[in-house]
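Chain identifiers are assigned alphabetically (A, B, ...) following the order of the sequence lines, protein sequences preceding nucleic acid strands; residue numbering begins at 1 within each chain. Not measured: the values here are computed from a predicted model.
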Amino acid sequence: MIRTQGLGKRFVDPEGKPVVAVGDVTFEVGAGEIVGLLGPNGAGKTTTMRMLATLIAPDSGTATVAGHDVVKASSEVRRSIGYLSANTGLFGRLTPREVLVYVAALQGCDDGEARAEALLDRFDIRRFASTPCERLSTGMKQKVSIARAVVHEPPVLIFDEPTAGLDVIVAQELFSFLEEARAAGRCILYSTHTMGEAERLCDRLVVIHGGKLLATGTLASLRAETGRERLEDVFLGLLDRARA
Amino acid sequence: MTGLLVRMVVAELRQHLRDPLTILFMVALPLLLYPCLTAVGHTVIQRDLETAEARPLKVATTPAFPLAANLERVEVNDLAAAVREGRVEAAVRRTDEGVELLWDSRRPDSMDARTRLLDDMTAWRKDTQPRRVDAVDGATDADRLRHNLARWLPALLLFTLVSGGIYTALDVVTGDKERGTLETLLTTAVDRRLVVLAKFFVVLAFTVVSAVLSLGSSWASASWFLGLALPGSAVLMSALLLLPLAVLLAAGLTAAASWAPDFKSGQVLATPALVLPTMLAAAAGVPGLALSGFTAILPITGLALATRDVVSGRAEPLLVGIAFLAAVGWAAGGLFWAVRSLGREDVILGSRGGAQRRLRGDYRADALLLGAAAFATLWFLGQTAQSVDLEWGMLATQAGMFVPLAVATPWWLGLPVRAHLALGGAPAREWARAAAVGLLMPGVGLSVGAAQSFVIQAPAGLYAGVFDATVPLWRLLVLFAFLPGLCEELLFRGAFFGLWRTKSSAWGAVVVTALAFGLFHLSVFRFFPTFALGLILGVLRVRSGSVVPGMLAHTLNNSFGMLAVSFAWPVEPDWRCGVAALGALVLLAAG
């Protein structure tokens with residue numbers, strides 16, 4: 001459902017020098033699969049996900065999401081994805097119900113109100129359904145954001161560090177939702193800095209560093225490749241190898 | 001204590017001075033605003049003075065004293081009514097005690113006619129017995145009040161329109177970026193153009209509400225407190241004229257807000273967004289600036305003048321219609337610009353776009369900065385130097401300012417200077433083409449100058465007194481033909497063209513460079529001729545792949561002017577200019 005081939009993007013650093021944010025990254029994520037995108041800060045995870053979400057255009061390579069090219073068929077791609085990142089905010093003066101109905105309409109759903117009601121129950125946010133989002137707690141806001149991202153029931157989910165700043169209870173609710181989504185056959189690309197999350201959730205891992213693909217495979221194959229047991233050690237081993 | 005205070009001030013200053021947008025507007029606004037205003041204002045006033053002197057004005061006089069050549073006597077029955085209705089500009093009639101001079105203080109032409117009649121009567125009265133002259137203003141207090149209201153209302157309305165829209169624009173665009181809701185919107189299936197349009201309509205709603213409230217409030221205040229009852233038709237017409245203005249402002253504000261990476265930068269942008277349109281609208285208050293075919297098509301100014309005329313009850317329907325249509329055109333352009341702005345990656349990401357654009361090989365923003373720097377340099381340094389000594393000033397401006405700007409810009413941007421400036425050679429055929437076109441170019445300039453008189457009439461003797469015919473010809477040729485040919489080509493068809501060409505078609509770069517070249521000549525009346533010459537020189541640049549043949553053509557063109565000065569040739573457009581222009585076009589098009 002997600003396929004990248006030699007994907008690349010260049011930016012300029014704060015001193016104005018060109019840097020390769022993502023360079024020649026190739027990986028696939030299938031239906032009914034959660035793939036963890038791992039890498040240190042500045043590795044290119046968010047840039048990769050933004051390219052897949054059609055927010056920015058790749059400088060090189062290609063990517064398809066649900067069979068649609070991210071450059072040539074960007075509207076179809078966006079209709080097929082649920083995208084969540086630290087930068088996707090909520091309309092603070094709207095209530096969760098209003099946000100869900102509005103985004104459902106933007107995604108072309110005719111039954112926005114019914115979908116909103118179902119999600120208010122699914123994520124246990126009905127109590128705050130009429131409270132402006134700016135007055136919600138961080139965890140509650142994130143629940144609304146997740147509901148917002150999936151209101152149109154997309155086949156592909158792209159979640160960029162969705163547990164940042166969340167307490168363990170909300171994080172567990174998110175994991176349960178993602179496991180349900182996987183069971184329902186959705187394709188999920190998930191980035192995180194927390195190795196425990198990746199270990200628990202992900203079927204396969206894609207590790208990038210400095211915009212380059214370091215390794216891809218199941219946790220077992222990466223363990224075998226690095227000779228280390230814990231994912232944290234596996235990750236550090238891959239980084240050490242790249243730096244060497 | 002003092003040391004800590006100093007450290008805190010320094011830290012605060014460092015924090016703010018590192019914001020390029022703040023610096024840009026702190027420096028660029030005053031440096032560019034006043035030169036532009038005075039350049040336009042000076043040329044308009046100069047033209048008005050020139051044309052006002054010669055323009056014949058209609059007057060009616062019952063004592064038949066001799067009139068100057070610039071007054072035309074017409075026969076009317078009711079003199080006071082004729083003055084009031086504008087059929088004559090002023091009138092003189094006998095009274096028991098002497099004569100009465102009737103005029104209308106609302107009309108600049110009427111004031112001119114009054115002055116001329118007073119002069120003529122002075123000569124007449126010397127030959128007759130001394131008589132008393134009473135000047136009677138035909139405009140009542142209410143007329144004058146309405147006239148003054150009409151002059152300043154457009155600027156006031158515009159101020160309230162912009163202030164009604166600017167913070168809405170900042171909230172729905174810049175605020176959305178900061179809150180992350182823009183990214184949320186842009187990851188939905190909705191077309192980006194629709195996202196921009198939605199934001200535009202929100203800003204428009206606020207500007208329109210602001211406009212309606214302003215108009216209603218000004219009308220009510222004028223009626224209730226000043227006792228000035230504006231006709232309902234004038235109020236309705238003003239409201240209609242404000243609509244395209246609101247659309248233009250809403251589009252401009254939406255696009256401007258999209259440039260700001262954060263709310264703080266947006267507030268920096270708010271100042272020029274408020275000042276510039278208000279100043280354009282304030283043109284309606286300039287005495288003598290009339291709504292004409294030219295002023296009607298100017299953005300904001302055209303509508304401001306039309307609104308003024310409508311409110312004062314002296315509107316010409318055709319010109320008001322032109323102003324309305326032109327404003328609709330500007331509004332459509334503004335909306336297109338807004339849509340394009342919000343489609344840009346750096347705008348979406350809220351990042352500083354300059355470096356990212358350069359990474360993609362897009363140096364067009366740098367071209368505009370170079371143009372602005374050249375303009376400011378010419379205005380402040382070049383003109384000052386030339387006012388002290390024209391010849392040394394010219395040398396300092398061209399060789400000491402333009403050449404360093406042209407060379408330093410690509411060098412600073414890390415571009416290969418020689419290649420960027422296109423200093424390489426050209427085939428012999430291109431040299432021949434440039435030489436022939438250069439000889440024909442004076443005909444093009446004169447033809448375009450003659451054609452533009454249909455839109456904007458240049459004052460007679462625009463160049464009179466600029467060049468000293470007693471200066472040896474070789475010095476005129478070196479300073480005013482060879483130097484500009486070399487240095488201005490290096491600056492425009494070299495550096496500016498090269499920067500713009502990085503992300504534009506060659507022909508797009510030719511047009512934009514010619515526009516910059518035309519504006520650079522600091523005169524409304526010289527704009528079209530210099531724009532046309534800029535187009536030709538740009539074509540030579542594209543055809544030859546080098547800037548050097550254009551230098552030859554530019555030098556030859558200017559040499560004609562210097563020869564005309566030196567030998568006192570009469571320089572008037574005639575059929576030969578048209579033939580020369582046609583010949584230049586054929587030569588440029590030839591393979």
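- For B:W507, the CH2 atom sits in a packed shell: over 12 heavy atoms of surrounding residues, nucleotides or ligands are nearer than 6.0 Å.
- Contact residues of residues 149-156 of chain A toward chain B are absent (heavy-atom distance under 4.5 Å).
- Taking non-hydrogen atoms and a 4.5 Å limit, the residue list of residues 95-108 of chain A in contact with chain B, ordered by number, reads A:Y102, A:V103, A:L106, A:Q107.
- Taking a 6.0 Å sphere around CD of A:E179, one finds it holds more than 12 heavy atoms contributed by other residues, nucleotides or ligands.
- Heavy-atom minimum distance, A:L55 versus B:R192: O-NH2, 3.2 Å.
- Judged by distance alone, with hydrogens and angles left aside, the side-chain atoms of A:R78 form a donor-acceptor pair with the main-chain N or O of B:T188 at under 3.5 Å.
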Name each donor-acceptor pair under 3.5 Å that joins a side chain in residues 61-77 of chain A to protein atoms two or more places apart or in another chain, with its distance.
{"from": "A:D69", "atom 1": "OD1", "to": "A:V71", "atom 2": "N", "distance (Å)": "2.7"}
{"from": "A:D69", "atom 1": "OD1", "to": "A:K72", "atom 2": "N", "distance (Å)": "3.0"}

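- Considering only residues two or more places apart in sequence or on other chains, A:F175 meets the side-chain contact (heavy atoms from CB on, under 4.5 Å) condition with A:T163, A:A171, A:Q172, A:Y190, A:E197, A:R200, A:L201.
- Side chain of B:T187 to main chain of A:A53: no donor-acceptor pair is present (N/O by atom type, distance under 3.5 Å, no hydrogens or angles).
- Only the side chain of A:S85 comes within less than 4.5 Å of a heavy atom in chain B; its backbone stays farther off.
- Salt-bridge annotation for B:R179 and A:E134: absent, with no side-chain N of the basic residue lying under 4.0 Å from a carboxylate O of the acidic one.
- Around atom CG of A:D110, no more than 12 heavy atoms belonging to other residues, nucleotides or ligands sit under 6.0 Å away.
- Counting non-hydrogen atoms of neighbouring residues, nucleotides and ligands closer than 6.0 angstrom, the CZ atom of A:R126 exceeds 12 such neighbours.
- Taking all atoms of both residues into account, the shortest heavy-atom contact from B:T184 to A:F91 is CG2-CE1, 4.5 Å.
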